[in-house]
Each structure stands twice: as C-alpha cells, then as structure tokens.
Amino acid sequence: MQEPVLDFGEKLPPGINPGIQRALVHIERHFTDSVYLEDLAVLAGLSVCRFVTVFRRQVGLTPHRFICHRRIRHAKALLREGVPMAQAASEAGFFDQSHLSRHFKSICGVTPGRYLRDLAQPERPRAARAGYIQAVAV
C-alpha cells in the first residue's frame, strides 16, 4: 500500500500545486470534522474530478484515503495515551468504534485492540512467539 508523501510534522514537499497545498492545510486543520470534496476542490481552484486526479498524483493517495490516514494517525496517538477506543474513534472523526476499526485494519493491518495489545507486550524472540520449545544443549 502506498503511504502518503505528506506528514505535517515536516514541511510541504517542493512542487506541490498551491491549490493542493491549501487543501492539505484545510484537511490538517479540519480532519476530525466532515471534510467535503467539493470544498477542497474550491480551495484548490479545480473541478472535483480534476482535483481528485491532481491530489492523487501529488500526494500519493486520494483525498478520502489521505483523510482516513490522518484520522488513523490521530486515533493511534489517542489510544497510546489511554483514551477508550469509542472516545478515540469519535475524537478522530470516525462515526463510531466500528468505523474506526474497519479503517484501522485496512490501513494498519491489525485491529485497534491488537495494536494496543502489541504495544503492551515487549517484543519477544520469534521462536517464543511461535510457541516453539527451545532445547538447551548440555
């Protein structure tokens, strides 16, 4: 799966269309709210169809997928802080916990619950994870 080229912890990459930059800034400020494609296209000064095409080429994801990635990144931070899953879902802009779980698994490859369990457990050696018994030579 292709990761977005933009992380707002960094500066915007050079060569990004100024209209797309405006849309990205708007997404970053409002990703927990409903973000409408038509509004983003107006900010970019493009038609909706052209906006989606240009956005995908320059950012690496469609606008919807980019917003989902941003919401998941925020939900992960909330979960690491101990926020209950349903509350994290709501605060990250998802409709409910099920909505968060569906997108979380499609993006991260694991459910939010598994993500939290993996955070709580220190990394074990591969053989121990697989349940193998290792014999000690005497």
Side-chain angles (χ1 to χ4, degrees):
M1 173 180 311
Q2 187 177 10
E3 288 295 317
V5 297
L6 185 67
D7 181 359
F8 274 92
E10 305 169 2
K11 291 184 178 180
L12 292 171
I16 296 267
N17 174 305
I20 299 299
Q21 287 180 11
R22 286 190 298 274
L24 288 168
V25 168
H26 180 79
I27 290 169
E28 182 60 22
R29 290 182 182 155
H30 303 283
F31 69 90
T32 59
D33 304 325
S34 295
V35 179
Y36 297 99
L37 194 56
E38 294 80 9
D39 297 339
L40 296 174
V42 168
L43 282 170
L46 300 167
S47 70
V48 172
C49 292
R50 186 69 185 145
F51 170 74
V52 172
T53 300
V54 172
F55 190 97
R56 186 173 29 90
R57 284 186 187 152
Q58 293 191 359
V59 176
L61 296 170
T62 64
H64 178 262
R65 198 71 176 155
F66 182 83
I67 293 166
C68 287
H69 274 258
R70 182 61 188 96
R71 287 176 175 170
I72 291 296
R73 196 165 58 236
H74 184 60
K76 285 169 88 172
L78 292 171
L79 292 171
R80 284 191 303 269
E81 293 172 6
V83 174
M85 203 175 312
Q87 183 180 346
S90 176
E91 288 183 23
F94 292 101
F95 182 71
D96 57 17
Q97 184 175 334
S98 172
H99 189 209
L100 165 66
S101 294
R102 211 171 33 254
H103 285 285
F104 198 101
K105 185 161 185 178
S106 79
I107 290 171
C108 300
V110 295
T111 63
R114 178 60 183 252
Y115 172 75
L116 289 173
R117 282 193 302 276
D118 289 349
L119 280 178
Q121 295 178 349
E123 186 63 30
R124 297 179 298 171
R126 184 179 200 140
R129 281 196 312 262
Y132 295 115
I133 299 174
Q134 295 180 346
V136 178
V138 184

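Keep in mind the model is a prediction, meaning the values are calculated, not measured. Residue numbers run from 1 in the order of the sequence given.
The hydrophobic cluster around Leu78 extends to Val83, counting ILVMFWY residues whose side-chain heavy atoms fall within less than 4.5 Å of a member.
Under the salt bridge (charged side-chain N to carboxylate O under 4.0 Å, His left out) criterion, Arg114 pairs with Asp118, sequence neighbours left out. For His30, the ring pair (Phe, Tyr, Trp, His ring centres under 6.0 Å) partners two or more places apart in sequence, or in a different chain, are His26. Qualifying side-chain hydrogen bond (donor to acceptor under 3.5 Å, both in side chains) partners for His74, counting only residues two or more places apart in sequence or in other chains: none. For Phe55, the ring pair (Phe, Tyr, Trp, His ring centres under 6.0 Å) criterion is met by Phe51, Phe66, not counting sequence neighbours.
Looking at Thr53, its side chain does come within 3.5 Å of a backbone N or O of Cys49 through a donor-acceptor pair.
Contact annotation: the side chain of Leu100 approaches that of Ile72 to within less than 4.5 Å [non-hydrogen atoms, C-beta and beyond]. The shortest side-chain heavy-atom distance between Met85 and Leu79 falls under the 4.5 Å cut-off.
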Check your understanding: Checking side chain to side chain contact (heavy atoms under 4.5 Å, CB included) for the pair Arg65/Ile107: CA distance, chi angles, key distance, verdict?
Key -> CA-CA 9 Å; Arg65 198 71 176 155; Ile107 290 171; 3.4 Å; yes
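Rounded to the nearest 0.5 Å, atoms CZ (Phe94) and CZ (Arg71) are 6.5 Å apart. Atom OG in Ser98 sits 9.5 Å away from atom NE2 in His103 (nearest 0.5 Å). Thr32 contributes atom OG1, which lies 9.0 Å from atom CZ of Arg70 (distance to the nearest 0.5 angstrom). Of the inter-residue distances, the one linking Leu46 atom CG with Ile20 atom CD1 reads 6.0 Å to the nearest 0.5 angstrom.
Applying the salt bridge (charged side-chain N to carboxylate O under 4.0 Å, His left out) test to pairs two or more places apart or on separate chains, none has a residue in residues 79-105.
Leu24 and Tyr36 fall into different hydrophobic clusters, defined by Ile, Leu, Val, Met, Phe, Trp and Tyr side-chain heavy atoms under 4.5 Å apart, directly or through other members. Each of Val54 and Val42 belongs to its own hydrophobic cluster when Ile, Leu, Val, Met, Phe, Trp and Tyr are linked at side-chain heavy-atom distances under 4.5 angstrom.
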